[in-house]
S.K.: 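Take a look at this one; I'll ask things after.
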Amino acid sequence: MSKDKLWGGRFSQPTDKFVEEFTASIDFDKRLYRQDIRGSIAHARMLGRQDIIPQADVDDIISGLEEILARIEAGDFDFSVSLEDIHMNIEARLSAAIGEAGKRLHTGRSRNDQVAVDIRLYLREEIVEVIRYLDLLEDALLFQAETNLGAIMPGYTHLQVAQPILFSHHMLAYVEMFSRDRGRMEDCAKRLNVLPLGAGALAGTTFPIDREYVASELEFSAPTRNSLDSVSDRDFALEFISASSILMMHLSRFSEELILWSTSEFDFIELSDSFCTGSSIMPQKKNPDVPELVRGKTGRVYGNLMALLTVMKALPLAYNKDMQEDKEPLFDTIDTVKGSLKIFADMVREMKIKADVMLEAAARGFSNATDVADYLVRTGMPFREAHEVVGKSVRYCIEHGKRLEELTRAEWQAFSDLIGADIYDAITLEASVNARNATGGTALVRVKAEIERLKKEK
Ligand code: ARG
């Protein structure tokens, strides 16, 4: 049995069947087939150009690999567990098809640098996808901000009503968060874009390879600078999962708000039926499953980050088999982040807001108390003193079941004779919102300008 292995030469006993299954990665690394073939073609071309192997062999290798690619894509390729991983499955099949030439492909290369290049190629493509989904979500947020421009909702601190804000302002807060996520993804893509191939098993290779050529063939910005680091580095995967964890944290906070806003207690929004499910016992229920599940899936991405950090912790240089455990957390993170972003983009676009309910909620909880204090400050009263005066008037309102804007002139006068008839116009919800018009504030003109800026940047 060991005779079937590509590395069988020094073995006299076959691999135990269960050990074979236990150590194989083919079940999950087969998704690297395209990148593995692309890397091998670039490597073979370089071997030919450098006269390390004959050009005729290069041609056979390339057509053989293209044939394998077509077969895998057609679902016509038997992956074998006894061939352990995607690299050996493809190489063994190539040698079976083209003979000698196929056996020359692995010259000057090791699976250690091969797997490193495959993952980088794969992740580089996936980051482009993640960014595309981030863009779709930002578009949906901008759509909501624009469609509902002018709608006022309560802004919260401690989940207690704080000050009125525009619903659009709230949506744009998420645009800021997701655009930072995009920046982190772009940053990660830039740093991962170096070629580890040519590091060999760990020390480099004795053949006169041309790494710069392979780097440019595979669109990497340059070859890596140290062979040991090239085969033992998984920082790029960790960076991606870290950036993904922050991204999922943002989605989870958004989920939490959508779930709260969908309750009958808040009742600020209605999620489309297609993103909710019912209950098998309670006929009235419409549950916000999608945001709940995304909030839940945040946990698995954090788990993936912990898993890979722990795999890498204390690993001596260079490659260790432990590192085969990098793939499942990485792939699961990619799938989870892409799926969550995609479903969120659609759900956010289809969500309907209940502007009247939001407005009424914004009018409760003395959300305009700061505006009364600011009014007094404009008449010359120091802010701390104004704070005290308004605090007393709020207590009076609570005792008398009134809102601030319902106090009579005489009642206001009792708190401060600096309060004139113009107080009423100064503390409407619209006035409160529009007064906050410095850069970054919730005033309608500011938010409008932000929407325009963000749309132009797209
Ligand atoms: N399947 C292996 C992995 O994913 C490929 C590298 C194997 N290298 C080795 N020396 N066993 O890590």
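Each residue takes its place number in the sequence, starting with 1.
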S.K.: Closer than 4.0 angstrom, basic N to acidic O: yes or no for Glu126 and Lys338?
M.R.: yes
S.K.: Does the pair Arg34/Glu125 count as a salt bridge with the N-to-O cut at 4.0 Å?
M.R.: yes
S.K.: I would like to know whether Arg104 and Asp60 meet salt bridge (Lys or Arg N to Asp or Glu O under 4.0 Å); could you show each step before the answer?
M.R.: CA-CA 11 Å; Arg104 296 217 160 86; Asp60 287 351; over 6 Å; no
S.K.: Which heavy-atom pair separates Gly150 from Leu444 by the least distance, and what is that distance?
M.R.: N-CD1, 4.0 Å
S.K.: So Leu305 and Ser242, side chain to side chain contact (heavy atoms under 4.5 Å, CB included) or not? Walk me through it.
M.R.: CA-CA 6 Å; Leu305 177 61; Ser242 308; 3.6 Å; yes
S.K.: Once you measure the plane-to-plane angle for Phe268 and Trp261, does it fall in the parallel (<30°), tilted (30-60°) or perpendicular (>60°) bin?
M.R.: tilted
S.K.: What's the spacing between Leu218 CG and Leu197 CG if we round to 0.5 Å?
M.R.: 7.5 Å
S.K.: Between Glu176 and Arg180, does any side-chain N to carboxylate O distance fall below 4.0 Å?
M.R.: no
S.K.: Which residues pass the ring pair (Phe, Tyr, Trp, His ring centres under 6.0 Å) test with Phe79, sequence neighbours left out?
M.R.: Phe77
S.K.: With a 6.0 Å cut-off (strictly less than), is the heavy-atom count around CG of Asp76, excluding the residue itself, greater than 12?
M.R.: yes
S.K.: Apply side chain to side chain contact (heavy atoms under 4.5 Å, CB included) to residues Leu195 and Val214 and explain how you reach the verdict.
M.R.: CA-CA 8 Å; Leu195 172 83; Val214 179; 3.8 Å; yes
S.K.: Considering the options Arg31, Lys297, Lys342, which one meets the salt bridge (charged side-chain N to carboxylate O under 4.0 Å, His left out) requirement together with Asp335?
M.R.: Arg31
S.K.: If only side-chain N and O atoms count, and only distance matters, is there a donor-acceptor pair under 3.5 Å linking Ser432 with Asp371?
M.R.: yes
S.K.: To the nearest 0.5 Å, what is the distance between CD on Gln163 and OG1 on Thr370?
M.R.: 4.0 Å
S.K.: Taking Glu84 first and then Arg111, would you say they form a salt bridge - that is, a charged N and a carboxylate O separated by under 4.0 Å?
M.R.: yes
S.K.: Can you name the closest pair of heavy atoms from Met88 and Trp7 and give their distance?
M.R.: CE-NE1, 3.6 Å
S.K.: Check step by step if salt bridge (Lys or Arg N to Asp or Glu O under 4.0 Å) holds for Glu217 and Arg49.
M.R.: CA-CA 13 Å; Glu217 278 288 283; Arg49 276 168 58 101; over 6 Å; no
S.K.: Sub-3.5 Å donor-acceptor pair from the side chain of Asn89 to the main-chain atoms of Asp85, do we have one?
M.R.: yes
S.K.: Output all residues satisfying side chain to side chain donor-acceptor pair (under 3.5 Å) with Asp374, sequence neighbours left out; order by chain, then residue number.
M.R.: none
S.K.: Calculate, to the nearest 0.5 Å, the distance between atoms CD1 and CG belonging to Ile343 and Leu137 respectively.
M.R.: 12.0 Å
S.K.: Considering only NZ, NE, NH1 and NH2 on the basic side and carboxylate oxygens on the acidic side, decide whether Arg132 and Glu129 come within less than 4.0 Å.
M.R.: yes
S.K.: For the side chain of His169 and the backbone of Gly155, is there at least one donor-acceptor N/O pair under 3.5 Å apart?
M.R.: no
S.K.: Around atom NZ of Lys321, are there more than 12 heavy atoms of other residues, nucleotides or ligands at under 6.0 Å?
M.R.: yes
S.K.: Between Glu67 and Arg71, does any side-chain N to carboxylate O distance fall below 4.0 Å?
M.R.: yes
S.K.: Looking at Glu146 and Lys448, is any side-chain nitrogen of the basic one under 4.0 Å from a carboxylate oxygen of the acidic one?
M.R.: no
S.K.: Salt bridge between Lys327 and Asp27, side-chain N to carboxylate O under 4.0 Å?
M.R.: no
S.K.: Are there more than 12 heavy atoms of other residues, nucleotides or ligands under 6.0 Å from atom CD of Gln284?
M.R.: yes
S.K.: Which heavy atom of Cys276 sits nearest a heavy atom of Pro288, and at what distance?
M.R.: SG-CA, 4.2 Å
S.K.: Testing the 3.5 Å rule here: is there a donor-acceptor pair between the side chains of Arg124 and Asn193?
M.R.: yes
S.K.: Any idea which heavy atoms bring Ser95 and Gly102 closest together, and the distance?
M.R.: OG-C, 3.4 Å
S.K.: Could you go through Gln50 and Tyr213, starting from their C-alpha distance and side-chain angles, then the distance that decides it, and tell me whether this counts as side chain to side chain donor-acceptor pair (under 3.5 Å)?
M.R.: CA-CA 10 Å; Gln50 299 297 103; Tyr213 169 79; over 6 Å; no
S.K.: Do you know which two heavy atoms are closest between Phe344 and Ser255, and how far apart they sit?
M.R.: CZ-OG, 3.3 Å
S.K.: Within a radius of less than 6.0 Å around NE2 of His250, do more than 12 heavy atoms belonging to other residues, nucleotides or ligands occur?
M.R.: yes
S.K.: What I want to check is whether the side chains of Glu20 and Ser82 have a donor and an acceptor closer together than 3.5 Å.
M.R.: no
S.K.: Would a distance-only check, ignoring hydrogens and angles, find a side-chain to backbone donor-acceptor pair under 3.5 Å from Arg446 to Asn437?
M.R.: yes
S.K.: Can a salt bridge be assigned to the pair Lys455 and Glu450 using a cut-off of 4.0 Å between side-chain N and carboxylate O?
M.R.: no
S.K.: According to ring pair (Phe, Tyr, Trp, His ring centres under 6.0 Å), who are the partners of Phe331, at least two apart in sequence or on a separate chain?
M.R.: Tyr122
S.K.: Heavy-atom count check: over 12 atoms from other residues, nucleotides or ligands less than 6.0 Å from Lys286 NZ?
M.R.: yes
S.K.: Stepwise, does the side chain to side chain contact (heavy atoms under 4.5 Å, CB included) test hold for Ile62 with Arg45?
M.R.: CA-CA 8 Å; Ile62 294 176; Arg45 285 212 171 100; 3.8 Å; yes
S.K.: Inspect the surroundings of CZ in Arg234 and state if more than 12 heavy atoms from other residues, nucleotides or ligands are less than 6.0 Å away.
M.R.: yes
S.K.: Determine whether the side chains of Asp118 and Gln114 contain a donor N or O and an acceptor N or O closer than 3.5 Å.
M.R.: no
S.K.: Working note: Asp181 + Arg184, criterion salt bridge (Lys or Arg N to Asp or Glu O under 4.0 Å); need CA distance, chi angles, decisive distance, verdict.
M.R.: CA-CA 5 Å; Asp181 292 324; Arg184 274 183 280 272; 3.2 Å; yes
S.K.: Are Ser40 and Arg109 close enough that a side-chain donor and a side-chain acceptor fall under 3.5 Å?
M.R.: yes
S.K.: Report yes or no: do Arg211 and Thr224 form a side-chain donor-acceptor pair below 3.5 Å?
M.R.: yes
S.K.: Output yes when Asp139 and Arg349 qualify as a salt bridge under the 4.0 Å nitrogen-oxygen rule, no when they do not.
M.R.: no
S.K.: Indicate whether the side chain of Asn287 and that of Thr277 have a donor and an acceptor atom separated by less than 3.5 Å.
M.R.: no
S.K.: Under a 3.5 Å cutoff, is there a donor and acceptor pairing between the side chains of Glu138 and Tyr174?
M.R.: no
S.K.: Assess whether atom CD of Glu292 is packed by more than 12 heavy atoms of other residues, nucleotides or ligands within 6.0 Å.
M.R.: yes
S.K.: Considering residues, nucleotides and ligands other than Arg453, do more than 12 of their heavy atoms fall under 6.0 Å from its CZ?
M.R.: yes
